[in-house]
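Beneath this line is the structure, given in structure tokens, with notes to follow.
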Amino acid sequence: MVPMSGQSTVYHNNVLYSFGGYVGHRRINALYRLVGVDQLVDDPYVELEWETVHYFSENPEDIPVGRAGHLLLVIDNSLYIFGGYDTDRVVLSDMFKIDLGKLLFLVVNISADTFKIQKLVYRNPRRIDNLDR
């Protein structure tokens, strides 16, 4: 894995996944994984190596552009990527899903209501239970 910043990283099933970020002035759309993270609990000096994850899509438009400052989360066995900004510092409001079993990217269609929920959660993440009120 190349040195970078602005990437997002999540933990799922003993694996760290890291997506995007920027190298120099360029935003990237690379996906990396670090397998065996739980070994670090017993031996903080164990040597683990980041691997590049080679993903694909049935439609080229389903591959996200390089981005940094985005949200990355895991639900079931899929990663979701939301927003961020691209190399030209354009703010992105798109969402993608990658199935970790198939390594297949898909665009997630989101509505204006989704943005309202996202803004509420972003402003006050402890009040997620109040979305129905």
Side-chain angles (χ1 to χ4, degrees):
M1 186 163 128
V2 296
M4 66 180 75
S5 61
Q7 74 272 23
S8 292
T9 305
V10 294
Y11 175 85
H12 176 61
N13 290 342
N14 197 25
V15 179
L16 279 178
Y17 291 93
S18 184
F19 182 83
Y22 59 94
V23 179
H25 297 289
R26 186 176 61 94
R27 277 36 170 203
I28 62 173
N29 65 350
L31 177 63
Y32 299 98
R33 70 179 161 213
L34 185 65
V35 178
V37 176
D38 288 352
Q39 297 175 48
L40 295 171
V41 173
D42 296 326
D43 182 2
Y45 300 104
V46 67
E47 292 187 24
L48 303 176
E49 288 191 35
W50 286 96
E51 306 168 355
T52 301
V53 177
H54 300 284
Y55 53 79
F56 71 99
S57 175
E58 295 172 357
N59 180 353
E61 294 177 9
D62 289 350
I63 301 287
V65 298
R67 63 190 61 220
H70 53 284
L71 174 71
L72 179 67
L73 64 122
V74 63
I75 299 174
D76 295 325
N77 200 38
S78 295
L79 295 178
Y80 289 84
I81 300 161
F82 176 75
Y85 56 94
D86 67 9
T87 298
D88 297 324
R89 294 195 172 269
V90 172
V91 175
L92 304 168
S93 60
D94 50 2
M95 182 178 275
F96 297 87
K97 170 185 175 179
I98 182 167
D99 180 310
L100 292 173
K102 299 176 184 176
L103 298 178
L104 174 69
F105 257 111
L106 298 169
V107 171
V108 176
N109 294 316
I110 51 180
S111 68
D113 290 336
T114 305
F115 286 111
K116 292 176 188 171
I117 293 170
Q118 187 270 336
K119 287 179 183 177
L120 175 65
V121 171
Y122 178 75
R123 289 185 186 145
N124 194 349
R126 293 188 180 139
R127 296 193 55 155
I128 293 174
D129 60 325
N130 292 333
L131 291 177
D132 294 331
R133 295 180 194 165

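On a predicted model such as this, the values are computed, not experimentally measured, just so you know.
Note that NE2 of H12 and CG of N77 are 4.0 Å apart. Values are rounded to the nearest 0.5 Å. Summarising the geometry, atom CG belonging to L100 is positioned 4.0 Å from atom CG belonging to L79; distances are rounded to the nearest 0.5 Å.
The two residues S18 and T9 make their nearest non-hydrogen contact at OG-OG1, 3.3 Å. The two atoms that bring I28 and M4 nearest to each other are CD1-CE, 3.6 Å, heavy atoms only.
Between F105 and Y55, the angle of the ring planes goes over 60°, which puts this pair in the perpendicular group of the 30/60° scheme. Note: H70 and F19 have perpendicular aromatic rings, judged against thresholds of 30 and 60 degrees for the angle between ring planes.
By the side chain to side chain donor-acceptor pair (under 3.5 Å) test, E51 pairs with R33, sequence neighbours left out. Residues passing the side chain to side chain contact (heavy atoms under 4.5 Å, CB included) test with L73, sequence neighbours excluded: L71, I75, Y80. Applying the side chain to side chain donor-acceptor pair (under 3.5 Å) rule to D38 yields the partners Y11; only residues at least two apart in sequence or on another chain are considered.
Hydrophobic cluster membership of Y85, counting Ile, Leu, Val, Met, Phe, Trp and Tyr whose side-chain heavy atoms lie under 4.5 Å apart directly or via other members: Y22. Apart from L92 itself, the hydrophobic cluster it occupies contains V65, where clustering links Ile, Leu, Val, Met, Phe, Trp and Tyr at side-chain heavy-atom distances under 4.5 Å.
Under the 4.5 Å side-chain criterion, counting only non-hydrogen atoms from C-beta, L103 is not in contact with H54. Side-chain contact between Y32 and V53: absent, with no pair of heavy atoms (C-beta onward) separated by less than 4.5 Å.
Pairs engaging residues 62-81 under the salt bridge (Lys or Arg N to Asp or Glu O under 4.0 Å) rule: R67-D94 [sequence neighbours left out].
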